[in-house]
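A short write-up of the structure that comes next.
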Amino acid sequence: MSLVAHDITFAYPQASPLLRGFSLEVEPGERVALVALSGAGKTTLCRILAGVLMPQAGSVTVDGKGHRAYAGCALSVQLIAQHPELAFDPRMRMGRSLAEGAVGRSVEEALAQAESEGLISAFGIRREWYARLPHELSGGELMRFCIARALLAHPRYLICDEMTAMLDALTQAEVWHAVLEIARERDMGLVVVSHAPALIDCIATRRVEL
């Protein structure tokens, strides 16, 4: 059981391949850091692993299920991207947006689940924020909602692309402490992208060069 990218090739239109024949396997419980210079394809690979982009060649399997079944595995892999302001419907209140993580539950049920699982307290989300629109919160506050929503879906693998880059050092430490604790409890695999070497040193159990 693992998240596997096999022989991935990807190119944007009218550009040379950004990824060519790249393979990666992430086991449950692993914390894999993707290491490369800017522009080398880390974010693109994250989006491929999460099913947001499809490669021109190669395949991604999630616990043995291939691309044809991948849509049904969408909750198994959650992507937290660097820009949380792009992750929310600007017309939707934050409580309803958070509840999207608990598919098939009402907003009230989903928020109660988030509370009972400790996600609200772990990421410092204030209940009065539920009624706000995305533009009424800071980038750091929106990122807290991104993380909580992703974890509410109980993914087997969490893709963290510069997840805490916009946060101050103290808040970064608090957020990562909470994420790593939940990852350990759930035996969840992590893929981490960060330009902070000290953060990678603290978090990663393995590094992969692109």
Side-chain angles (χ1 to χ4, degrees), residues 1-88 139-140 142-143 146-147 149-151 153 155-167 172 175-176 179-180 183 188-210:
M1 302 294 279
S2 56
L3 172 62
V4 178
H6 177 68
D7 207 20
I8 296 295
T9 294
F10 182 89
Y12 290 100
Q14 300 180 342
S16 299
L18 191 58
L19 299 168
R20 189 193 299 271
F22 180 83
S23 296
L24 171 70
E25 182 170 355
V26 181
E27 300 286 344
E30 268 199 303
R31 302 189 297 273
V32 178
L34 301 180
V35 180
L37 297 175
S38 295
K42 298 186 297 297
T43 291
T44 296
L45 178 59
C46 286
R47 291 166 62 83
I48 291 171
L49 291 174
V52 178
L53 291 176
M54 295 292 289
Q56 277 87 33
S59 63
V60 174
T61 57
V62 185
D63 292 343
K65 296 182 180 179
H67 267 311
R68 292 190 180 277
Y70 198 70
C73 301
L75 295 180
S76 296
V77 183
Q78 290 286 305
L79 170 65
I80 303 175
Q82 184 176 0
H83 300 288
E85 67 276 8
L86 303 178
F88 297 101
L142 290 174
M143 183 57 77
C146 280
I147 299 168
R149 181 174 62 182
L151 292 172
R156 294 286 290 137
Y157 308 94
L158 188 67
I159 315 298
C160 307
D161 184 10
E162 292 285 0
M163 181 177 74
T164 58
M166 66 172 53
L167 305 177
Q172 280 194 38
V175 166
W176 273 112
V179 169
L180 293 178
M188 186 169 60
L190 300 182
V191 176
V192 180
V193 172
S194 174
H195 289 292
L199 181 63
I200 293 298
D201 289 342
C202 290
I203 291 171
T205 56
R206 179 162 63 93
R207 297 171 183 240
V208 173
E209 298 271 353
L210 267 68

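Along the sequence shown, the residues carry numbers beginning at 1. Keep in mind it's a predicted model, so treat the numbers as computed, not measured.
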Reported [atom1]-to-[atom2] distance for the pair [X] and [Y], which is rounded to 0.5 angstrom:
{"X": "C146", "Y": "Q78", "atom1": "SG", "atom2": "CD", "result": "10.5 Å"}
{"X": "M143", "Y": "E85", "atom1": "CE", "atom2": "CD", "result": "8.0 Å"}
{"X": "R206", "Y": "L190", "atom1": "CZ", "atom2": "CG", "result": "12.5 Å"}
{"X": "S76", "Y": "M1", "atom1": "OG", "atom2": "CE", "result": "8.5 Å"}
{"X": "E25", "Y": "E27", "atom1": "CD", "atom2": "CD", "result": "4.5 Å"}
{"X": "I80", "Y": "C160", "atom1": "CD1", "atom2": "SG", "result": "5.0 Å"}

Exercise for the section: Using the side chain to side chain contact (heavy atoms under 4.5 Å, CB included) rule, take M163 and I147 through it: C-alpha gap first, then chi angles, then the decisive distance, then the call. Expected result: CA-CA 9 Å; M163 181 177 74; I147 299 168; 3.8 Å; yes
For residues [X] and [Y], report the shortest heavy-atom separation together with the two atoms involved.
{"X": "R31", "Y": "I203", "result": "NE-O, 2.6 Å"}
{"X": "I200", "Y": "S194", "result": "CD1-CB, 3.9 Å"}
{"X": "G139", "Y": "P84", "result": "O-CG, 3.5 Å"}
{"X": "Y157", "Y": "S2", "result": "OH-CA, 3.0 Å"}
{"X": "Q56", "Y": "F10", "result": "OE1-CA, 2.9 Å"}
{"X": "A150", "Y": "L158", "result": "CB-CD1, 4.0 Å"}

Taking C-beta and beyond as the side chain, do [X] and [Y] meet within less than 4.5 Å on heavy atoms?
{"X": "R207", "Y": "V192", "result": "no"}
{"X": "L18", "Y": "L45", "result": "no"}
{"X": "V62", "Y": "R156", "result": "no"}
{"X": "L19", "Y": "P55", "result": "no"}

Completion exercise
Exactly one of L24, L79, V4 clears side chain to side chain contact (heavy atoms under 4.5 Å, CB included) with L49, and that residue is L24
Exercise for the section: Show your working on side chain to side chain contact (heavy atoms under 4.5 Å, CB included) between T61 and H6 and close with a plain yes or no. Expected result: CA-CA 8 Å; T61 57; H6 177 68; over 6 Å; no
Problem - Backbone N/O of T164 and side chain of Q172: donor-acceptor pair under 3.5 Å - result: yes
Problem - Exam field: side chain E162 to backbone H195, donor-acceptor pair closer than 3.5 Å - result: yes
Problem - Worked verdict on T43 versus Q82 for side chain to side chain contact (heavy atoms under 4.5 Å, CB included) - result: CA-CA 9 Å; T43 291; Q82 184 176 0; 5.8 Å; no
Exercise for the section: Before giving the answer on side chain to side chain contact (heavy atoms under 4.5 Å, CB included), spell out for F22 and V208 the whole-Å C-alpha distance, their side-chain angles and the decisive distance to 0.1 Å. Expected result: CA-CA 11 Å; F22 180 83; V208 173; 3.9 Å; yes
